[in-house]
Amino acid sequence: MAKPIIVQKFGGSSVANVDRIKAVAQRICETKTKKNNIVVVVSALGDTTDDLVELAAKISEHPPEREMDMLMSTGEQISCALVAMAVKELGHDAVSFTGAQVGILTDDTHTKAKIQKIGARAIRKALKENKIVIVAGFQGVTKDNEITTLGRGGSDLTAVALAFAINAKVCEIFTDVEGIYTTDPRIVREAKKIKEITFDEMLEMASLGAQVMQPRSIEVARRFNIPLHVRSSFSKEEGTMIVKNTQKLEDISVIGITCNKAEAKITICGVQDKPGVAAEIFTQISKAGVMVDTIVQNVGYARQTDISFTVLKSDLAKALKATNAIAEKLKTGEVLHDKNIARISIVGSGMRSHRGVAAKMFQTLAEHEVNIDMITTSDISVSCIIEQSQAEKAVKALHKVFNLEG
Ligand code: ASP
Ligand code: MG
């Protein structure tokens with residue numbers, strides 16, 4: 001029978017400098033025993049990718065995306081070679097590969113390509129030769145041999161996809177925090193590490209602003225039921241297991257609270273209340289390449305209504321341009337925008353069987369004099385858009401009310 005395979009992914013901060021690379025190599029060698037095989041996925045050293053993006057911006061205002069992929073993919077190529085050398089120094093056999101070399105085939109959407117297929121032949125061959133395999137994360141290749149990247153944070157996706165392709169028993173995501181916390185420990189000192197969380201909950205937390213893993217990678221892990229272990233490369237502590245079902249006690253309704261300040265709000269006043277208007281507005285915004293999140297439309301009055309929605313702050317300029325154009329065409333009232341907002345969300349699959357969770361959230365915000373601007377819900381989360389300056393206060397209060405301090 002083939003030996004069980006463990007996939008270990010190390011993020012940028014875990015391989016930020018020579019000492020860290022040596023420490024990671026040590027850790028890899030400790031995990032490798034006679035009874036298992038290791039496949040490692042690495043991110044670029046420290047902030048390399050950001051630095052490369054900045055460098056390109058100094059040369060060109062709109063660098064071609066193909067060339068951006070050529071550029072950004074070099075970061076991970078450096079780190080995988082260095083980690084392979086460091087492992088070899090410790091007396092284990094190792095070999096590094098780029099995404100293309102291990103057959104990570106993607107579509108041709110440069111800078112956010114989707115994985116279509118993974119060959120993994122080179123990996124299987126190297127494992128048979130008892131080598132530790134080190135793969136450059138974040139990158140792939142199209143059928144026409146063009147280098148692509150998988151979107152920022154894409155090394156997580158490489159790790160999860162490889163874990164699936166080679167049937168690994170677990171995929172360990174090493175980072176600079178100890179795991180997933182009940183909320184951001186920088187906001188609430190009493191935040192606790194979560195032992196076990198479901199894919200659904202993790203996906204919800206990641207999509208709502210928890211920045212530990214790339215959401216796309218969690219989606220893939222959920223689809224193929226690949227257990228993930230998020231842990232620190234700086235300590236030996238167990239981290240957080242992300243699994244299909246957890247053994248939670250019945251009385252837990254909320255498992256975590258997120259706070260996201262990356263969005264801005266746009267409001268179109270005085271929109272005609274008749275069929276087709278919302279369709280027209282959001283078609284134009286989507287054509288401008290802007291993703292819209294929460295949308296709220298007021299009840300109509302005198303055949304008019306207001307429509308508010310949120311977009312990423314980084315897309316605000318593009319979104320405003322498109323919105324102003326459509327507002328002019330539809331002869332609506334003013335277009336307003338507000339950058340000083342925060343999205344505060346409570347997440348937990350226990351909400352499916354608990355009543356009054358949303359009411360408790362609103363009550364708590366009211367007691368702390370936090371005004372709610374917009375509300376959205378899913379079956380396992382409730383989000384409120386509030387004024388940004390009140391975000392910390394709100395998160396602290398909710399963390400306490402939902403008993404997350406343990
Ligand atoms: N280096 C890439 C980034 O910073 C990929 C990754 O770190 O996962 O986005
Ligand atoms: Mg990175």
Side-chain angles (χ1 to χ4, degrees), residues 7-17 20-21 23-24 28 39-57 63 65-84 96-102 104 106 109-115 118 133-141 147-165 171-177 179-180 202-203 206-207 209-221 226 228-234 239 242 262 312 314:
V7 171
Q8 296 193 316
K9 180 255 166 180
F10 294 92
S13 52
S14 299
V15 290
N17 54 45
R20 291 298 311 149
I21 291 174
V24 160
I28 294 168
V39 173
V40 175
V41 174
V42 284
S43 291
L45 273 54
D47 297 328
T48 304
T49 312
D50 289 332
D51 297 344
L52 292 172
V53 171
E54 248 172 62
L55 197 58
E65 294 193 322
R66 178 193 183 274
E67 305 309 332
M68 280 311 287
D69 278 351
M70 288 296 281
L71 180 70
M72 290 193 293
S73 60
T74 61
E76 273 70 12
Q77 194 167 340
I78 294 173
S79 52
C80 73
L82 291 174
V83 171
S96 67
F97 291 119
T98 63
Q101 283 177 309
V102 295
I104 299 183
T106 73
T109 333
H110 283 290
T111 76
K112 29 184 152 357
K114 293 222 156 57
I115 299 181
I118 297 190
V133 175
I134 324 279
V135 181
F138 179 50
Q139 54 180 263
V141 67
I147 302 287
T148 50
T149 60
L150 309 175
R152 296 304 305 271
S155 299
D156 289 337
L157 185 59
T158 306
V160 172
L162 278 181
F164 168 66
C171 180
E172 297 186 312
I173 305 287
F174 285 92
T175 173
D176 52 6
V177 292
I180 313 298
M202 189 63 234
L203 194 56
S207 310
Q211 285 179 334
V212 185
M213 275 191 80
Q214 189 208 34
R216 270 172 68 193
S217 66
I218 303 163
E219 242 166 58
V220 175
I226 299 158
L228 303 173
H229 185 178
V230 178
R231 58 195 307 189
S232 168
S233 69
F234 295 79
I242 310 177
L312 281 178
S314 52

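Ligands are counted one by one from 1 in listed order, and the atoms in each one are counted from 1 as well.
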Asker: Using a 4.0 Å cutoff against the non-hydrogen atoms of Ser43, which atoms of ligand 1 qualify?
Answerer: 6 (C), 7 (O), 8 (O)
Asker: Could you check Val15 against Val83 for side chain to side chain contact (heavy atoms under 4.5 Å, CB included), going step by step and ending with a plain yes or no?
Answerer: CA-CA 8 Å; Val15 290; Val83 171; 4.2 Å; yes
Asker: Taking C-beta and beyond as the side chain, do Leu45 and Ile21 meet within less than 4.5 Å on heavy atoms?
Answerer: yes
Asker: Below 4.0 Å, non-hydrogen atoms only: which portion of Glu76 touches ligand 1? Side chain, backbone, both or neither.
Answerer: side chain
Asker: Within ligand 1, which atoms have a heavy atom of Phe138 less than 4.0 Å away?
Answerer: 2 (C), 5 (C)
Asker: Please list, in number order, the atoms of ligand 1 under 4.0 Å from a heavy atom of Arg152.
Answerer: 3 (C), 4 (O), 9 (O)
Asker: Does a donor on one side chain sit under 3.5 Å from an acceptor on the other, for Asp69 and Thr148?
Answerer: no
Asker: Does any N or O atom in Ser155 lie less than 3.5 angstrom from one in ligand 1, N or O only?
Answerer: yes
Asker: Taking only non-hydrogen atoms of Gly154, do any sit less than 4.0 angstrom from ligand 1?
Answerer: yes
Asker: Given 3.5 Å as the limit, does a donor-acceptor pair link the side chain of Glu76 with the main chain of Phe138, or not?
Answerer: no
Asker: Apply side chain to side chain contact (heavy atoms under 4.5 Å, CB included) to Gln8 and Ile28, showing your working.
Answerer: CA-CA 8 Å; Gln8 296 193 316; Ile28 294 168; 3.8 Å; yes
Asker: Within the 4.0 Å heavy-atom shell around Gly153, which atoms of ligand 1 are there?
Answerer: 3 (C), 5 (C), 6 (C), 8 (O), 9 (O)
Asker: Hey, are the side chains of Met68 and His110 touching, using non-hydrogen atoms and a 4.5 Å cut-off?
Answerer: no
